[in-house]
Amino acid sequence: MTPCLTPDEFVDLVDGTLAADREAHVATCAACAATAIDVREALAAAMSAEVPEPSPLFWPSVNARVQAAVAESAATGWRAWLRLDVLVPMAGLALVVLAIASAIDAVSPVGPSPADPEVAIAAEPAEVLSEMEIASDAATDDALAMVADLASALPEGGWDALGVTRLPDLDVAAAALTAEERDALAALLQSAVERPKS
Amino acid sequence: MRADATAAPWPLGATPMSDAPETPLDDAALVEAAIAGDTAAFDVLVTRHRRSVYQVCYRFVNHHEDAADLTQDTFVRAWKALGSFRGQARFSTWIYRIAVNVCLNRVSLKTPKTDAVDFDLVADQREPAPGAAIDAAERQAMVRAAVKSLPPRQRTALILRTYHDLSHQEVADIVGTSVGAVKANVFHALANLKKRLEPLV
Ligand SMILES: [Zn+2]
């Protein structure tokens with residue numbers, strides 16, 4: 001007589017995937033036949049038990065609860081930098097840096113002159129910041145004019161109109177950005193620069 | 001200028017996913033968008049998988065409010081761990097794994113380790129009097145209670161295999177064990193259910 005079925009073979013049996021020679025054993029073994037019946041009955045009982053359907057209002061509440069918890073965690077996590085109220089002012093500040101860097105470029109041809117200011121800023125924001133700190137008076141004047149110009153691109157009400165309640169520390173922001181995020185910021189900067197002024 | 005700079009606008013909290021139901025994105029695309037910070041894309045994933053996640057959790061704890069809490073925990077953990085989802089598995093399999101871990105953590109916090117305890121040794125407070133008439137709803141409730149009383153590993157294997165149409169291999173991937181171990185756990189779960197539900201089946 002062939003050996004009795006192992007536990008996993010009983011599962012294969014009820015799944016219908018047990019090899020024919022092993023299935024043949026069940027027909028000749030009262031113990032295995034009885035166990036097979038028990039397993040089938042238990043499976044049928046298990047499958048008959050539905051999860052009670054919750055109220056239709058429950059499902060949207062799942063989304064709401066998850067969104068609230070995600071927003072709370074985002075306020076302290078790295079994704080804080082990717083939220084609208086942080087990214088927009090960060091882009092705005094980067095525009096300021098761009099303006100000053102461009103001004104520096106215009107008056108100091110011997111200094112660093114990136115061919116693509118947006119991308120350069122996006123890739124090396126900390127470096128551009130240090131350039132800003134050493135900008136000459138003349139360059140600063142020009143830069144301030146450009147900043148004023150760029151600031152007019154903001155909607156009426158400035159940061160408040162954008163729902164911005166706090167400005168991030170740009171050094172921290174720059175250090176926290178990954179290469180991918182810098183690319184995204186560069187794209188955002190470009191769209192901001194190309195936005196028609198009203 | 002970057003040639004592709006204008007072709008990839010930042011999501012900025014827009015809701016492109018919910019506004020474009022006529023071209024539903026697959027889970028992988030939604031995960032990509034969510035990783036980029038698009039919470040609207042993640043919301044679509046929640047909508048898509050909330051029912052199956054809730055049902056796994058409900059089977060574990062047999063209690064609506066607890067299952068709702070566990071469902072929320074599952075999705076929040078998924079959001080935080082999205083960066084570790086590399087698309088090597090289906091999102092549904094991945095979210096099941098998180099749900100199971102969340103549920104098992106809850107179970108281990110609430111109850112002593114019971115894997116070694118045989119099912120028929122667990123005190124039964126809901127067993128009906130012999131011969132008592134049991135309606136379908138009551139019978140289903142007893143089966144759910146019996147499933148909840150199974151040792152965690154047996155419960156996990158039975159729930160995923162029986163109620164969520166996952167293959168033994170998928171269940172093994174989710175719980176981090178072998179196919180043979182999953183089948184053995186399913187068998188012992190069913191054998192214990194049979195003993196537990198003797199008056200019913
Ligand atoms: Zn046998």
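Order of the sequence lines sets the chain letters (A, B, ...), proteins ahead of strands, with each chain counted from 1.
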Donor-acceptor under 3.5 Å (B:Tyr163 side chain, A:Ala46 main chain): yes

Point-to-point distance, once rounded to the nearest 0.5 Å, from CD of A:Glu50 to CD of B:Gln55: 8.0 Å

Point-to-point distance, once rounded to the nearest 0.5 Å, from CG of A:Asn63 to CG of B:Asp43: 4.5 Å

For B:Val143 against A:Ala49, the heavy-atom pair lying closest together: CG1-CB, 3.5 Å

Point-to-point distance, once rounded to the nearest 0.5 Å, from CD of A:Glu41 to CG of B:Leu193: 12.5 Å

A:Phe58 and B:His64 aromatic ring geometry - parallel, tilted or perpendicular at 30°/60° bounds: perpendicular

Among B:Ala181, B:Ala191, B:Ala68, B:Ala137, residue most engaged with chain A (heavy-atom pairs, under 4.5 Å): B:Ala68

Heavy atoms from other residues, nucleotides or ligands near CG of B:Asp165 exceed 12 (cutoff 6.0 Å): no

Part of A:Val51 lying under 4.5 Å from any heavy atom of chain B: both

Spacing of CD belonging to A:Glu9 relative to CZ belonging to B:Phe187, to within rounding of 0.5 Å: 11.0 Å

For A:Ala45 against B:Leu197, the heavy-atom pair lying closest together: CB-CD1, 4.3 Å

Rounded distance (nearest 0.5 Å) linking atom CD of A:Gln67 with atom CZ of B:Phe75: 12.0 Å

Top of A:Val39, A:Val66, A:Thr35, A:Thr6 for chain B proximity - count of heavy-atom pairs under 4.5 angstrom: A:Val66

Gap separating the OG1 atom of B:Thr71 from the CZ atom of A:Arg65, nearest 0.5 angstrom: 8.0 Å

Heavy-atom pairs under 4.5 Å with chain B, option from A:Pro54, A:Pro52, A:Ala44 with the top count: A:Pro52

Nearest heavy-atom neighbours spanning A:Pro7 and B:Ala184: CB-CA, 4.2 Å

Heavy-atom pair of closest approach, residues A:Ala69 and B:Gln72: CB-NE2, 3.7 Å

Derivation of the side chain to side chain contact (heavy atoms under 4.5 Å, CB included) call for A:Val62 and B:Arg51: CA-CA 10 Å; A:Val62 171; B:Arg51 180 179 290 273; over 6 Å; no

Side-chain touch A:Asp15/B:Arg161, heavy atoms, less than 4.5 angstrom: yes

